[in-house]
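Chain letters run A, B, ... following the sequence lines, proteins first and then strands; every chain starts at 1.
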Amino acid sequence: MFARGLKRKCSEEEAPADPLQRQSLLDMSLVKLQLCHMLAEPNLCRSVLIANTVRQIQEEMTQDGSWCLPGPQTAGRLPRDRLVSTEILCRSARAGPPQAPDPADLASALQAVPAIQVPGAVPAGPWGRAGPGESRGGFPRSLDQVFETLESHSPGAVEELFSDVDGPYYDLDAVLTGMVGGAKSGPEGLETFASAAARPPGTGCKADLGELDHVVEILVET
Amino acid sequence: MIPGLGALTQDTLWCFSQLKGTVEIGATEADIISTVEFNHTGELLATGDKGGRVVIFQREQESKNQVHRRGEYNVYSTFQSHEPEFDYLKSLEIEEKINKIRWLPQQNAAYFLLSTNDKTVKLWKVSERDKRPEGYNLKDEEGRLRDPATITTLRVPVLRPMDLMVEATPRRVFANAHTYHINSISVNSDYETYMSADDLRINLWNFEITNQSFNIVDIKPANMEELTEVITAAEFHPHHCNTFVYSSSKGTIRLCDMRAPALCDRHTKFFEEPEDPSNRSFFSEIISSISDVKFSHSGRYIMTRDYLTVKVWDLNMENRPIETYQVHDYLRSKLCSLYENDCIFDKFECVWNGSDSVIMTGSYNNFFRMFDRNTKRDVTLEASRENSKPRAILKPRKVCVGGKRRKDEISVDSLDFSKKILHTAWHPSENIIAVAATNNLYIFQDKVN
């Protein structure tokens with residue numbers, strides 16, 4: 001679903017131009033970065049290229065002013081969830097077992113732009129990060145995690161994060177990283193990616209939500 | 001046109017010659033070919049695969065009886081070069097996949113090659129044995145020790161012919177020098193040293209010394225958070241043993257001179273093409289990342305491959321390439337989808353022909369492309385089982401980009417992105433090419449009239 005939507009939007013263009021496409025690209029990139037952590041051999045070149053793409057989008061969004069979000073009460077559900085998802089993913093990877101995000105933490109996370117403060121509850125995790133006082137911003141921090149992880153891979157935190165995830169999440173993984181080379185009966189085309197990315201029926205997931213929202217739901221509930 | 005020099009004029013027709021590899025049903029991921037390389041004479045052709053194996057093919061002597069069939073390549077030696085390892089410190093498995101093979105020039109009866117996986121380079125000696133000694137004094141014919149008391153005479157063992165046996169033995173193992181994944185190895189023209197390059201560092205080795213290497217390039221930032229660029233490929237100049245180049249993920253090439261300060265972080269030359277602002281997108285950097293860099297045989301040019309193009313650079317001109325060839329520009333409007341399915345990160349290689357007049361690189365749908373630098377003609381060919389009849393002439397293929405599709409054309413949306421030609425090789429002096437298509441190796445030759 002996620003894949004199909006993106007394809008429909010940017011099938012004829014070189015790159016997404018409108019903010020929603022840009023946001024989708026950002027989300028996809030962040031998920032790709034997180035998935036890097038799980039692989040046996042994270043590919044540094046790929047991670048660097050994706051991270052640079054994320055920075056580029058982030059810079060443009062900051063220039064546009066679209067990085068600044070209104071207060072949590074008035075924020076639209078869609079953009080807020082996406083921001084939350086990345087913060088949760090990063091924070092959980094840092095701190096170990098995923099914690100249910102404190103609403104106050106979320107509010108502070110959304111308010112402080114671009115220097116998103118690390119919630120005080122988070123201890124210095126396996127990466128040896130300093131406390132909130134040295135935080136330099138949400139997104140740069142998530143990129144920091146990528147490279148820190150690649151340097152000193154600590155499987156415990158990340159594996160714990162994803163250990164209880166059920167089947168559909170691995171479908172997402174397959175969509176984003178393992179599509180090519182999968183056993184398919186006919187020739188692969190760009191068309192087939194969309195259909196393969198669609199959820200198999202009867203998995204019990206909420207078809208209304210986007211892929212990323214579903215991931216957030218899983219993480220928050222475990 | 002001088003035969004054998006490989007000019008791609010209208011007269012050059014490519015024919016199927018051989019197909020090596022497992023049949024489709026039994027193929028596993030370990031059989032996927034990850035590197036292909038001819039040796040310096042073209043007599044040997046080596047392939048490495050994901051399972052850590054090296055297979056060497058040898059060209060048979062041409063017979064006068066079959067003039068129309070140039071020497072075929074047959075299996076000469078197969079050996080397990082690398083095994084999977086486990087890095088206990090990082091809890092990570094080290095893949096046994098052979099990233100690169102490079103031959104050393106032949107100096108005696110044996111052949112030597114370097115093979116590398118992500119972490120370890122090995123020097124292999126491949127030699128023939130067609131005689132064995134018989135008539136030992138202390139051992140009997142089965143190798144059992146004889147009772148010294150029964151030995152009453154002495155004899156000199158003699159060498160008797162035996163069936164040809166090809167042995168591969170690891171002569172050197174160059175390990176523990178790379179924190180990151182090795183992407184390139186290159187033998188120096190002095191034949192005494194070679195370099196290995198990973199994402200952030202390049203090391204210089206002496207073939208005789210395995211417990212030390214000299215770090216000549218280090219682009220690792222003090223703070224890994226500041227990392228924005230990695231090394232993607234590196235190669236020594238074919239004649240000047242002090243010169244090498246390395247390419248980056250930002251589409252730049254640096255030429256370094258080892259006679260300058262020991263750590264070649266400061267380059268002698270810096271090759272970069274200014275960005276075209278009209279083509280700028282979020283994917284611009286990714287598609288500019290160079291996946292392969294190769295010196296021409298003459299040493300005057302370098303060729304680079306990025307996602308959509310092949311570029312030829314003159315060593316004397318740093319500000320832009322002298323030639324740019326579009327490999328599959330029809331993918332430019334599909335970059336978003338290709339980013340999504342990770343195809344945009346595929347690393348295609350590129351090769352020169354023996355006379356540096358034609359360059360070749362791979363694409364998707366098992367297509368590969370050749371560009372004649374003199375005539376500016378190009379051709380798209382396909383490595384497929386359907387075209388695999390002996391001496392069958394390959395028909396040029398064409399991708400239809402829009403509008404009406406002609407009968408023999410294939411539309412962009414019908415391309416199979418799981419069939420990618422990443423690795424190809426060109427015989428050093430003849431029009432013989434080896435094309436790796438997943439787990440199969442195709443050998444094509446030009447039509448001999």
Visitor: Is it true that A/S29 and B/Y339 share a donor-acceptor pair across their side chains at a distance under 3.5 Å?
Guide: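 Their side chains do contain a donor-acceptor pair, which is all the 3.5 Å distance test asks for.
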
Visitor: Quick one: side chain to side chain contact (heavy atoms under 4.5 Å, CB included) partners of B/E349, sequence neighbours excluded?
Guide: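 Side chain to side chain contact (heavy atoms under 4.5 Å, CB included) list for B/E349, sorted by chain: B/K100, B/D292, B/H423.
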
Visitor: Side chain, backbone, both or neither: which part of B/E229 has a heavy atom under 4.5 Å from chain A?
Guide: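 Just the backbone, heavy atoms under 4.5 Å.
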
Visitor: Checking B/T228 against chain A: side chain, backbone, both or neither under 4.5 Å from a heavy atom?
Guide: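 Both backbone and side chain.
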
Visitor: Does A/K32 make a cation-pi contact with B/F345 (under 6.0 Å, within 45 degrees of the axis)?
Guide: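 Geometry flag: not set, cation outside 6.0 Å or 45°.
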
Visitor: Relative to chain A, which segment of B/L200 carries a heavy atom at a distance below 4.5 Å: side chain, backbone, both, or neither?
Guide: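 For B/L200, the side chain is the part near chain A, not the backbone.
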
Visitor: What are the two closest heavy atoms between A/L49 and B/S249, and how far apart are they?
Guide: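 Between these two residues, the closest heavy atoms are CD2-O, 3.7 Å.
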
Visitor: Stepwise, does the side chain to side chain contact (heavy atoms under 4.5 Å, CB included) test hold for A/C45 with B/K347?
Guide: CA-CA 11 Å; A/C45 182; B/K347 292 190 191 305; 3.5 Å; yes

Visitor: What distance separates B/S289 OG from A/R46 CZ, expressed to the nearest 0.5 Å?
Guide: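 Between atom OG of B/S289 and atom CZ of A/R46 there are 13.0 Å.
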
Visitor: Got a sec, which residues hit side chain to side chain donor-acceptor pair (under 3.5 Å) with B/T380, two or more places apart in sequence or on another chain?
Guide: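 Expected list: B/R369.
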
Visitor: Is B/E29 atom CD crowded by more than 12 heavy atoms from other residues, nucleotides or ligands, each under 6.0 Å away?
Guide: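 Not buried by this count: 12 neighbours or fewer within 6.0 Å.
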
Visitor: Taking C-beta and beyond as the side chain, do A/N52 and B/F282 meet within less than 4.5 Å on heavy atoms?
Guide: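 Result no, sub-4.5 Å side-chain heavy-atom pair not found.
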
Visitor: Where does B/T232 contact chain A at under 4.5 Å (heavy atoms): side chain, backbone, both or neither?
Guide: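 Contact with chain A: side chain only.
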
Visitor: Could you walk me through whether B/I286 and A/I50 satisfy the side chain to side chain contact (heavy atoms under 4.5 Å, CB included) test, starting with their C-alpha distance in whole Å, then the side-chain angles of each, then the deciding distance to 0.1 Å, before giving a yes or no?
Guide: CA-CA 8 Å; B/I286 299 179; A/I50 298 173; 5.6 Å; no

Visitor: Tell me if the CG atom of B/N176 is crowded by more than 12 foreign heavy atoms within 6.0 Å.
Guide: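 No, the 6.0 Å shell around CG holds no more than 12 heavy atoms from other groups.
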
Visitor: Should A/L44 and B/H181 count as side-chain neighbours, where that means a heavy-atom distance under 4.5 Å?
Guide: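 No, every pair of side-chain atoms sits at 4.5 Å or beyond.
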
